Amino acid sequence: MQVLSILGATGSIGQSTLDVVRRHPDRYRVHALSGRQQIGQLARDCAEFAVPLAVLPEAAQVDALHAALREAGATRTEILHGPQALAEVASCREVDAVMAAIVGAAGLLPSLAAARAGKRVLLANKEALVMSGDLFTRACQDNGAVVLPIDSEHNAVFQCLPMGRVDAGVTRITLTASGGPFRRRDPATLASVTPEEAVAHPNWRMGRKISVDSATMMNKGLEVIEAHYLFGVPLEGLEVVIHPQSVIHSMVSYRDGSTLAQLGNPDMRTPIAHALAYPERIDSGVAPLSLVDIARLDFEAPDLARFPCLALAFEALRQGGAAPNVLNAANEVAVEAFLARRLSFDGIARICAQTLARCDAGQPCGSIDAVLEIDRNARKVAADLLDASVS
Ligand code: NDP
Ligand code: MG
């Protein structure tokens, strides 16, 4: 029996995780679930999975959660709140594995707590790794934490690597990208894209932030940085290919001319089930792949002029140091402003580029305090740029 804490349980990845867990009551027990706004969902899940601890990032919704737990009949669930509580349920002795599925920088401290406690970390929260790559990977190595990637591309790469590690035989990692909803749209019209259009992803149902990131292809950029830290591959060994069907989730090429790919229907329950059960295989609820029904697989090179956010992520990785953290912070500020209709879609890349230009990539980033300070400063720079651009 594996005991789990699921952080970000009410989100897209969290709900897919619970769907897999629901199919295997003999294998998994849930110790803690966290959410933020979706109190009713959190309470119902606590009742269904008889969860001892429900965790909120702030005090604001505690009373509402008490009421919702009562209504859902989750009488044995205790409520914890605050950043310390999230870190506590990610690192406590009772827990074997942590699903890190909070979106954005808010997930960094609990993900890091799980790494420092030597847990099996099922990492969906790519932003945590982008912010603190070296620090995070060192914390895993020093404490024996095993990171199992949930991001479908990285999970695919992991599956294409014997032992899950890159060795001298590997020549290239190819991350596939759907190209999002604007792959064919006239770039001159991108300024008028609405949040509703941007979050309508052709192949995946995801949270709003990552859906916007997919539309700008910043998501693929963050994934390139994620792959660099997860697999220790330099930028030159990483390639992005647009593959609109999202059937090949990524590939690894070897010195002898072999390229291994992992295929499957675009459903996050596959990587989640893989990471939960690794090295075994369990049912995920995902329909078997039918290549005959899919009939064709297409590929094209990404257009960096259409997707400047992807170019910015390459640039941030090239600069190294604090640059990926700065880019992530600027992107979070810009995406939030776009979703709130305070910034145009093409403004996201502009705010990111300007923030990256104004913040020093050479700032020290070897401690968690330094990482958080870089994040705070970059957010302030991005917010000031935003205010200046809308006033
Ligand atoms: P969602 O927006 O659907 O879910 C986010 C979760 O985090 C929710 O449980 C939400 O709570 C919670 N949350 C939001 N803000 C905070 C905060 N400040 N503090 C604590 N908790 C918070 O996102 P996704 O599930 O789509 O994505 C989660 C992570 O997984 C992201 O890092 C994303 O990049 C990554 N990922 C997602 C994929 C997908 O298919 N969805 C694919 C690959 C990676 P509530 O909803 O209750 O407010
Ligand atoms: Mg992905």
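For clarity, every value in this text was computed on a predicted model and none was experimentally measured. Note that ligands are numbered from 1 as they come in the structure, with each ligand's atoms numbered from 1 the same way. Counting begins at 1 with the first residue of the sequence. Excluded from the calculations below are hydrogen atoms, water molecules and symmetry mates; all remaining heavy atoms, backbone and side chain alike, are included.
Any N or O atom pair closer than 3.5 Å counts here, and Ser152 shares no such pair with ligand 1.
Between atom 43 (C) of ligand 1 and the options Asp151, Asp267, Asn125, the minimum heavy-atom separation is to Asp151.
At a 4.0 Å heavy-atom cut-off, ligand 1 touches Pro57 through the side chain alone. Counting heavy atoms under 4.0 Å from ligand 1, residue Ala106 touches it through the side chain alone. Contacts between Lys209 and ligand 1 below 4.0 angstrom, taking non-hydrogen atoms only, are absent altogether. Using a 4.0 Å cut-off between heavy atoms, Ile210 contacts ligand 1 through its side chain alone, with no backbone atom that close. Contacts between Met206 and ligand 1, counted as non-hydrogen atom pairs separated by less than 4.0 Å, involve both the backbone and the side chain.
Using the six-membered ring where Trp is involved, Phe345 and Phe182 have ring planes that are perpendicular, over 60° apart on the 30 and 60° scheme.
Remark: the Glu315 side chain and the Gln319 side chain contain an N/O donor-acceptor pair separated by less than 3.5 Å. The closest side-chain donor-acceptor pair between Gln245 and Asp298 falls under 3.5 angstrom.
In this structure, the ring pair (Phe, Tyr, Trp, His ring centres under 6.0 Å) partners of Phe299, at least two apart in sequence or on a different chain, are His243.
Among protein atoms, those of element N, O or S found less than 2.8 Å away from the Mg ion (ligand 2) are Asp151 OD1, Glu153 OE1, Glu223 OE2.
One finds a salt bridge joining Asp19 and Arg269 here, because a Lys/Arg side-chain nitrogen approaches an Asp/Glu carboxylate oxygen to under 4.0 Å.
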